[in-house]
Amino acid sequence: MARAGLAPSTVELAPTEAPAARWRPPGYWPFVVPALVVVVGVIVFPWAFTLWMSLHEWKVGADPAFVGLSNYARLPTDPRFLDAVWQTLVYTALSVVLPLILGTLAACVFHARFPLRGFLRGVFILPMMATPVAIALVWTMMFHPQLGVLNYLLSLIGIPPQLWVFHPATVIPSLVLVETWQWTPLVMLIVLGGLAALPTEPYESAQIDGASLWQVFRHITLPLVAPFLFVAAMIRMIDAVKSFDIIFAITQGGPGTASETINIYLYSVAFAYYDVGYGSAIAVVFFLLIIALAAALLVVRKRTQGSVE
């Protein structure tokens with residue numbers, strides 16, 4: 001019984017601490033391990049082995065000899081490699097810019113409502129579904145200087161026949177023509193998806209203000225679809241810089257080495273000259289080039305977004 005005038009004392013009991021639970025592996029580990037094994041076997045090990053080969057002088061039939069960075073030191077003094085880098089950059093730039101322009105124009109056309117729009121969309125994306133080797137064979141026949149249909153069409157409008165892929169000055173633009181024909185539908189689909197997701201309010205306001213079609217496209221459509229254009233440019237850049245099948249099937253890097261990109265030169269060094277060590281060094285530098293181009297595109301996107309904001 002508590003004394004008068006004194007508040008009853010309260011005793012706070014410290015909560016009992018739960019014993020520390022022992023660590024147990026998550027229950028999903030049996031499902032993750034097979035995927036890790038596949039990633040290590042398919043991605044990590046090949047790249048580690050490629051790095052190891054690039055540090056050795058290794059030709060098929062001979063034992064590998066460690067040479068350090070000698071294979072990498074050869075690259076700046078190899079004129080054929082330098083030409084391949086330049087031709088790869090030109091081919092990539094043209095193969096990205098032209099499909100972006102034509103694909104955006106096609107998306108704006110197919111976004112409008114007109115009869116047979118769905119059917120024409122399906123016809124437009126057919127080139128994207130064809131296999132690269134089949135495309136290469138068809139375009140090789142079309143590029144023929146005497147029997148090709150392209151020179152026949154040029155003759156109808158009074159233009160003399162061209163050599164197309166059989167001349168060093170026109171081989172890269174001719175290959176870009178094939179690349180543009182095949183992959184413009186992909187850009188069209190990406191931009192078309194962006195156009196379908198745009199709000200209608202800005203266009204209604206522009207119509208009330210009396211804006212022209214070009215002003216609507218320049219100040220409303222283009223900024224709103226810019227993220228979709230960036231995705232399309234990234235996909236096209238990565239695909240174009242490592243393009244191999246169409247170039248090899250049509251020209252095999254010719255005439256001479258006029259259309260020899262890094263991929264074609266890498267194939268020649270590793271599988272025609274059997275210089276595996278030097279070819280591995282080219283593969284490593286090629287991979288770094290792809291990363292650098294992707295990083296540059298990301299920087300351009302960030303600066304573009306900053307200027308818009």
Side-chain angles (χ1 to χ4, degrees), residues 36-96 132 136 165 168-169 171-173 175-176 179 233-300:
L36 290 177
V37 172
V38 172
V39 169
V40 171
V42 176
I43 299 178
V44 177
F45 172 74
W47 267 112
F49 191 58
T50 301
L51 288 172
W52 181 84
M53 289 189 297
S54 69
L55 302 177
H56 292 73
E57 182 179 358
W58 190 7
K59 296 187 177 181
V60 175
D63 294 331
F66 181 78
V67 294
L69 300 178
S70 297
N71 288 325
Y72 295 96
R74 287 175 56 186
L75 294 175
T77 60
D78 185 356
R80 191 168 169 182
F81 173 76
L82 298 179
D83 290 341
V85 172
W86 170 249
Q87 286 155 188
T88 300
L89 295 177
V90 173
Y91 178 84
T92 301
L94 294 176
S95 298
V96 171
V165 295
V171 60
I172 293 292
L175 293 173
V176 170
E179 190 84 5
M234 181 69 75
I235 295 174
R236 286 297 310 124
M237 186 272 294
I238 295 176
D239 185 68
V241 76
K242 62 184 183 66
S243 179
F244 176 84
D245 38 22
I246 287 182
I247 299 177
F248 187 79
I250 295 179
T251 67
Q252 296 186 358
T257 59
S259 63
E260 190 175 62
T261 59
I262 300 178
N263 242 350
I264 302 294
Y265 183 49
L266 168 60
Y267 173 84
S268 300
V269 170
F271 301 106
Y273 309 142
Y274 301 111
D275 194 347
V276 180
Y278 188 50
S280 299
I282 296 175
V284 172
V285 173
F286 186 37
F287 178 70
L288 296 177
L289 176 62
I290 295 176
I291 294 178
L293 291 176
L297 203 56
L298 289 173
V299 171
V300 170

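The basis for the numbers below is simple: all heavy atoms, side chains too, and nothing from hydrogens, waters or symmetry mates.
Minimum heavy-atom separation, S95 to V176: OG-CG2, 3.9 Å. Nearest approach of R80 to T257, heavy atoms of both residues: NE-CG2, 3.9 Å. Among all heavy-atom pairs drawn from P46 and G41, the shortest one is CD-O, 3.4 Å. Heavy-atom minimum distance, A294 versus M234: O-CE, 3.8 Å. A pairwise comparison of heavy atoms in E179 and D239 identifies OE2-OD2, 3.6 Å as the closest pair. When all heavy atoms of A84 and Y265 are compared, the closest pair comes out as CB-CB, 4.2 Å.
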Side-chain atoms of residues 276-288: list all donor-acceptor pairs with protein atoms under 3.5 Å, sequence neighbours left out, distances to 0.1 Å.
unit_1: Y278; atom_1: OH; unit_2: D78; atom_2: OD2; d: 2.7
unit_1: S280; atom_1: OG; unit_2: V276; atom_2: O; d: 2.8

Show me the donor-acceptor pairs within less than 3.5 Å that the side chains of residues 58-68 make with the rest of the protein, sequence neighbours left out.
unit_1: W58; atom_1: NE1; unit_2: A62; atom_2: O; d: 3.1

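With S54 contributing its side chain and L51 its backbone, the two residues share a donor-acceptor pair below 3.5 Å. Not a single donor-acceptor pair under 3.5 Å links the side chain of S259 to the backbone N or O of P255. Counting only distance, with no hydrogens or angles, the side chain of D275 and the backbone of V269 share no donor-acceptor pair below 3.5 Å.
Ring orientation note: the planes of F244 and F248 are close to parallel, at an angle under 30° on the 30°/60° scale. In this structure, H56 and W52 have tilted ring planes: the angle between them lies in the 30° to 60° band.
Side-chain atoms of L55 and N71, non-hydrogen and from C-beta on, never get closer than 4.5 Å to each other. Between I290 and L293, the closest side-chain pair of non-hydrogen atoms is not below 4.5 Å.
Annotation: the span from F45 atom CZ to T50 atom OG1 amounts to 9.0 Å, rounded to 0.5 Å. The CD1 atom of I264 sits 5.5 Å away from the CD1 atom of I247 when rounded to the nearest 0.5 Å. In this structure, OG1 on T261 lies 12.5 Å from CG on D83, to the nearest 0.5 angstrom. Separating the CD1 atom in I172 from the CG atom in L175 is a distance of 5.5 Å, to the nearest 0.5 Å. We find the OG1-CD distance between T88 and E260 to be 9.0 Å, quoted to the nearest 0.5 Å. The structure places CG of L69 at 11.0 Å from CG of L75, a figure rounded to the nearest 0.5 Å.
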